[in-house]
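Single-structure report; data block below.
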Amino acid sequence: MRLIPVPRAKTGCISYIIADGAAGTCLVVDPPEDPTAVLRTVDGLQARVVEVLETHTHADHVSGAHHVGQMLGVPVRLPSKSQATYSHRSYGDADALRVGDVEVRALHTPGHTADSMSLIVGGRALVGDALLVGTVGRGDFYPQGIEELYHSLFDKLLTFDDELMIYPAHFGPRHGLPERTSTTLGEERRTNEALNQKTKPEFVRYMSEGWPPKPQGWEEIVERNLKG
Ligand SMILES: [Fe+2]
């Protein structure tokens, strides 16, 4: 199994390719509106894309999932809680997705968005924006977001071992984040302020204060991403 991050400095977003080298097949996760870099990476692997996946409905950038799916003639798989209106397959909590011999286990980790999913594959976790390097994704896009994020983090992601490698969907200064694109669960357990809130009320208070404004035009971006 190979997991290849494709970061984009300009937007601070990260797409991923999960490939089974032996089978010559791969999944593309969270492709951007301009998928050139992702598709170039796929070409370099000499792999065939079998499906395009989204971890969640993005509110900060236009997704390329529907476009890439159409262009390559492959299905797009969206979280079962996604409100998307274009034709797609769904996946939900505890589903096992396959690419060649590689199994990808899905975990519903809502909070940043109601449909947010994490993907566990070979000791690694693609966590969307549930968990980021040194912080967590904002939980104020919908009313129950912060409480749901608490349970996704403390009852789901933090049950894994320290060695679990964490691959978020954002990095870099545009999002107030470090340049690093990955971390470990152990490092975050030790150093991440959000994860060191002692109680649920403390976490809710922490997540409710001091966050920058939501991305400009986020409601229109969500609407566009749902239409595909
Ligand atoms: Fe997001």
Side-chain angles (χ1 to χ4, degrees), residues 5-16 27-35 38 52-68 76-84 88 91-93 106-120 125-153 156-157 166-183 188 192 194-195 207-208 211-228:
V6 186
R8 298 184 298 290
K10 203 169 132 202
T11 59
C13 301
I14 313 171
S15 306
Y16 291 93
L27 302 174
V28 168
V29 182
D30 290 335
E33 188 178 20
D34 176 0
V38 171
V52 176
L53 245 75
E54 290 271 78
T55 55
H56 64 290
T57 304
H58 304 285
D60 66 300
H61 66 277
V62 174
S63 164
H66 189 208
H67 169 57
V68 172
V76 177
R77 194 179 287 274
L78 303 177
S80 54
K81 298 259 167 159
S82 167
Q83 307 281 318
H88 63 270
Y91 72 109
D93 195 45
L107 265 187
H108 184 213
T109 48
H112 172 64
T113 63
D115 68 351
S116 287
M117 301 294 294
S118 294
L119 302 168
I120 314 291
L126 274 61
V127 291
D129 295 334
L131 181 54
L132 300 163
V133 178
T135 184
V136 297
R138 65 187 311 141
D140 58 356
F141 282 123
Y142 66 107
Q144 313 79 12
I146 294 175
E147 289 206 12
E148 291 194 359
L149 185 62
Y150 175 84
H151 291 292
S152 295
L153 293 167
K156 290 192 172 178
L157 291 173
I166 301 293
Y167 293 88
H170 285 306
F171 78 109
R174 191 172 180 270
H175 299 278
L177 296 167
E179 288 290 354
R180 285 169 57 202
T181 57
S182 65
T183 181
E188 296 310 312
N192 187 315
L195 301 188
M207 292 300 297
S208 307
W211 289 75
K214 295 187 187 110
Q216 212 189 350
W218 70 274
E219 281 154 311
E220 290 76 32
I221 297 171
V222 166
E223 210 173 297
R224 174 151 178 202
N225 286 337
L226 293 177
K227 276 194 206 140

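Order of listing sets the numbers, starting from 1, for every ligand and every atom in it. Remember, it's a predicted structure, so these values are computed and weren't measured experimentally.
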inquiry  = Does this structure show an ion pair linking K10 with D34, if we count only N-O contacts that are shorter than 4.0 Å?
reply    = no

note = Within a strict 2.8 Å cut-off of the Fe ion (ligand 1), protein N/O/S atoms tallied 3

message = Over 60° means perpendicular and under 30° means parallel, so tell me whether F141 and W218 are parallel, tilted or perpendicular.
response = tilted

ask   = What closest approach, in Å, do H61 and C13 show between heavy atoms, and which atom pair accounts for it?
value = ND1-SG, 3.4 Å

Under the side-chain contact (heavy atoms from CB on, under 4.5 Å) test, residues paired with D140 that sit two or more places apart = R138, K214

request  = Indicate whether any N or O donor in one side chain lies under 3.5 Å from an N or O acceptor in the other, for S82 and E54.
outcome  = no

inquiry  = For a side-chain hydrogen bond (donor to acceptor under 3.5 Å, both in side chains) check, start with the C-alpha distance between S118 and T109, then their side-chain angles and the critical distance, and finish with the verdict.
reply    = CA-CA 6 Å; S118 294; T109 48; 2.9 Å; yes

